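Worksheet: one structure, shown below.
What you are looking at is a predicted structure, and each value in this text was computed from that prediction instead of being measured.
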Amino acid sequence: MLTSDLLVTRISRGKIRPAYSVFDSENLELAGLLIETFRQHVGKTYGDLLTELEGYEEMNYRFIRGLSQLLGRRAVVETSSAVDPSRAREAVFEACGGMALFPEERQKALQIAAKNLLVSVSDLEKSLWADLEENQVLKEFDPPAPAELLRQYNISLTQTLLFRAIDLDIWIKGDFQRVLWKILRFGLMYSLEDAQEEGGIKETEGEKKLIKENERKESPVKESERKESPVKESERKKNKRNDENEEIEKLKSVHLHLDGPASLFRMSERYGNSFAKLFPVLLNTKGWRLKAGILHKGYQGKRILEFSLDSSEEAFRFMRKVSGYPESVSRDYQFAEEKKGYGIETGMETGNEGQPVERQSVAQEVETDAASEVFDSAFEQQFASLSFGGWDVRREPAILKAGRFAFVPDFSLQKNGIKVYAEIVGFWTPEYLKKKVEKLKEVKEPVILLINRKLKCSEKDFPAQDVIFFDRKIPANEVTQVLRKYEEKKLAEDRSRIHEIEIPLSGEMINLEKIAARNGVMLEALKKVLEERFEKIQEPEKSEVREKFEGYRDSGKEHENIGNYRDYREYVLLENYIIHRQLLEKINLELEKPGAAETYADAVKIFEDFGFDSGLHYPVLEHLKYRVIWAGLSEENAKIKKIPDR
């Protein structure tokens with residue numbers, strides 16, 4: 001993005017449009033001249049570069065300054081001196097006693113300071129003011145192709161204009177997920193609507209022309225060579241129908257509405273920067289168009305102008321044969337509103353509020369941008385790092401149906417087949433809040449809303465069942481309590497289902513985790529039902545369940561879906577397994593052999609030979625009436641002892 005004073009636009013009949021640079025020979029030659037100027041000044045002072053660039057600005061000030069600003073972000077300017085400038089000034093100040101009124105005093109102070117710093121007088125003089133902007137040295141420069149520079153200039157003009165947007169409407173055909181994901185990461189206020197239901201997206205004449213050109217480039221095969229055999233063609237059509245059926249529930253084209261930076265109560269540089277960063281992402285998407293309301297301040301006062309654009313715009317594309325240079329990949333630039341300079345990383349810059357903001361180094365900028373790629377707020381980063389009692393936290397947004405709109409939460413939490421969504425409310429306006437409430441009324445999936453109390457919202461503003469307010473940090477305990485509600489609900493539902501599920505008992509050891517996964521029920525619910533069954537079967541007095549079992553015992557039939565009475569009598573439920581009594585008896589015989597299992601470590605070897613995992617070691621020993629006597633932490637020193645029957 002360029003500084004606001006370099007934005008060049010044309011206004012006509014209530015519409016506004018940036019004055020895009022065309023890829024003609026004159027502009028390409030001028031871009032090449034500026035690139036070469038930067039290249040030739042590598043190793044020279046920044047002041048020399050500024051002087052030469054100011055000479056070019058007489059041709060077209062804002063255009064030249066805009067290109068120079070973009071090139072400046074590809075340059076690395078550093079202080080080059082024999083000694084640290086601040087230290088050099090301090091040494092000279094001390095040597096002259098605070099002030100040198102005559103040349104002789106100055107020279108003497110320099111000699112004393114140079115001697116103390118172990119440098120020459122000449123090097124000391126150069127170091128005194130080496131940290132001033134004009135005295136710093138251009139160390140590195142990453143030159144783009146001239147056409148790429150013009151293209152980046154056009155992109156930056158658009159971003160600068162969008163910084164003043166009241167709102168932005170985007171229509172996308174096909175793959176819109178990347179744009180949506182960036183919107184979520186940037187923390188922008190948005191709404192998503194199925195464009196098919198609102199009449200679809202009409203192609204502009206430019207888009208139609210571009211599509212035809214792409215089809216010719218991508219499909220050079222002759223029509224006669226495209227013919228397939230009837231079998232292959234039939235198979236292809238069948239596969240196509242299957243693909244269409246799989247995609248039928250997915251959105252084919254969407255309408256995204258975003259609240260612009262100018263719609264906020266107070267202009268936010270962070271929101272504006274994030275908003276501007278979205279445009280390059282949109283450029284990498286096929287079949288899009290946008291319309292924005294731009295807040296314009298002119299001699300007639302404030303008014304809102306319309307800005308529209310689509311994917312056929314030539315200002316963001318160029319042919320290699322025209323540019324004469326290979327394409328180069330443009331960097332991600334810092335999108336801060338600067339007020340002066342060429343954007344080279346030196347000194348200080350002024351922020352939107354008129355306060356000085358220290359510029360980031362290139363390394364800091366990349367690091368900051370990388371962090372923002374993952375989380376758009378500290379609260380989201382905090383949420384992702386929390387533990388919620390075994391719930392898997394994912395930041396892969398699912399698109400939830402909300403009537404003809406769509407709602408994309410920040411997180412999903414999953415456990416035992418349960419999926420609950422979480423939304424952290426960030427930037428908002430009354431209008432945005434109203435739209436979100438309307439959408440949430442249509443969402444059928446469970447959504448937990450986490451709202452910062454600073455937003456001054458109340459629980460009645462939201463229709464969701466689960467609303468959690470927080471102050472400075474995400475309340476993990478409150479979120480966990482809400483999640484437990486869904487676990488208890490799922491547990492009750494699964495227990496009812498399990499009564500209708502047949503659980504055949506066969507083999508020596510039955511893994512309950514596999515049965516639960518196969519039937520889509522919680523392991524805890526399955527174990528609870530089986531525990532009740534085993535308890536009732538083992539009761540000495542005749543229970544209702546046992547009576548029903550005994551009615552089927554002689555016939556060998558199974559009662560409903562519970563299973564055979566004799567089978568349950570022959571098995572034992574231990575932890576996550578149902579184990580046959582004969583297998584337990586085999587293990588008991590091995591343990592009772594003289595000298596075979598004197599220590600806990602010996603018992604572990606026996607269990608491992610039978611394929612038992614570590615979770616069964618203690619329960620099996622306890623079931624077989626063994627006690628472990630520990631003497632320290634080593635299993636080799638822990639003795640096992642059979643508890644005699646009383």
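- Residues Leu150 and Leu67 have side chains in contact (heavy-atom distance under 4.5 Å, counting atoms from C-beta outward).
- Rounded to the nearest 0.5 angstrom, Phe307 CZ and Leu290 CG are separated by 5.5 Å.
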Evaluation steps, side-chain hydrogen bond (donor to acceptor under 3.5 Å, both in side chains), between Thr37 and Tyr56: CA-CA 10 Å; Thr37 301; Tyr56 297 145; 3.3 Å; yes

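- Here NZ of Lys173 is found 9.5 Å from CZ of Arg289. Values are rounded to the nearest 0.5 Å.
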Test log, rule side chain to side chain contact (heavy atoms under 4.5 Å, CB included), inputs Leu188 and Lys182: CA-CA 9 Å; Leu188 302 178; Lys182 288 292 183 181; over 6 Å; no

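- Proximity of the aromatic rings of Phe383 and Phe470 is defined here by a centroid distance below 6.0 angstrom, and this criterion is not met.
- In this structure, Tyr271 and Phe275 have parallel ring planes: the angle between them is below the 30° cut-off, well short of the 60° mark.
- Considering only heavy atoms from C-beta on, Val420 stays 4.5 Å or farther from Asp466 through its side chain.
- Taken to the nearest 0.5 Å, the CG atom of Asp169 stands 15.0 Å off from the OH atom of Tyr190.
- Side-chain contact between Leu71 and Phe141 is present, with at least one heavy-atom pair separated by less than 4.5 Å.
- Between Glu57 and Arg65, at least one side-chain N (NZ, or NE/NH1/NH2) sits under 4.0 Å from a carboxylate O, which counts as a salt bridge.
- Between Glu380 atom CD and Leu450 atom CG the span is 10.5 Å, to the nearest 0.5 Å.
- The backbone N or O of Ala75 sits nowhere less than 3.5 Å from a side-chain atom of Glu140 that would complete a donor-acceptor pair.
- In this structure, Arg62 contributes its side chain and Leu7 its backbone to a donor-acceptor pair below 3.5 Å.
- The CG atom of Leu149 sits 5.0 Å away from the CD1 atom of Ile35 when rounded to the nearest 0.5 Å.
- Side chain of Gln382 to main chain of Ile474: a donor-acceptor pair is present (N/O by atom type, distance under 3.5 Å, no hydrogens or angles).
- Side-chain atoms of Tyr153 and Asn27 include no donor-acceptor pair closer than 3.5 Å.
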Working for side chain to side chain contact (heavy atoms under 4.5 Å, CB included), residues Ile172 and Leu282: CA-CA 9 Å; Ile172 306 176; Leu282 185 62; 4.0 Å; yes

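- Within the 4.5 Å cutoff, side-chain heavy atoms of Arg151 are placed close to those of Ile155.
- For the pair Ser12 and Lys15, the minimum side-chain heavy-atom distance is 4.5 Å or more.
- Using modelled atom types, one side-chain atom of Asn154 and one backbone atom of Ala315 make a donor-acceptor pair closer than 3.5 Å.
- For the pair Asp142 and Arg74, the salt-bridge criterion is met [side-chain N within less than 4.0 Å of a carboxylate O].
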CA sep, side-chain torsions, deciding dist, call: Leu34, Leu53, side chain to side chain contact (heavy atoms under 4.5 Å, CB included): CA-CA 8 Å; Leu34 292 174; Leu53 291 176; 3.9 Å; yes

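- Within the 4.5 Å cutoff, no side-chain heavy atoms of Ile183 are placed close to those of Val281.
- Inter-residue side-chain proximity for Phe63 and Ser21 is flagged as met; some heavy-atom pair is nearer than 4.5 Å.
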Could you walk me through whether Phe279 and Phe316 pass the ring pair (Phe, Tyr, Trp, His ring centres under 6.0 Å) check? CA-CA 11 Å; Phe279 183 66; Phe316 311 114; 5.3 Å; yes

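- In this structure, Leu2 and Gly66 approach most closely via the heavy-atom pair CD2-O, 3.7 Å.
- Taking 4.5 Å as the limit, some side-chain heavy atom of Leu161 sits within range of a side-chain heavy atom of Ile294.
- A donor-acceptor pair is defined here as one N or O able to donate and one able to accept, closer than 3.5 Å; no such pair exists between the side chain of Thr9 and the backbone of Ile16.
- To the nearest 0.5 angstrom, Ile448 atom CD1 is 11.0 Å from Ile424 atom CD1.
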Would you please test Leu49 and Phe38 for side chain to side chain contact (heavy atoms under 4.5 Å, CB included) and show each step? CA-CA 7 Å; Leu49 175 62; Phe38 269 80; 3.6 Å; yes

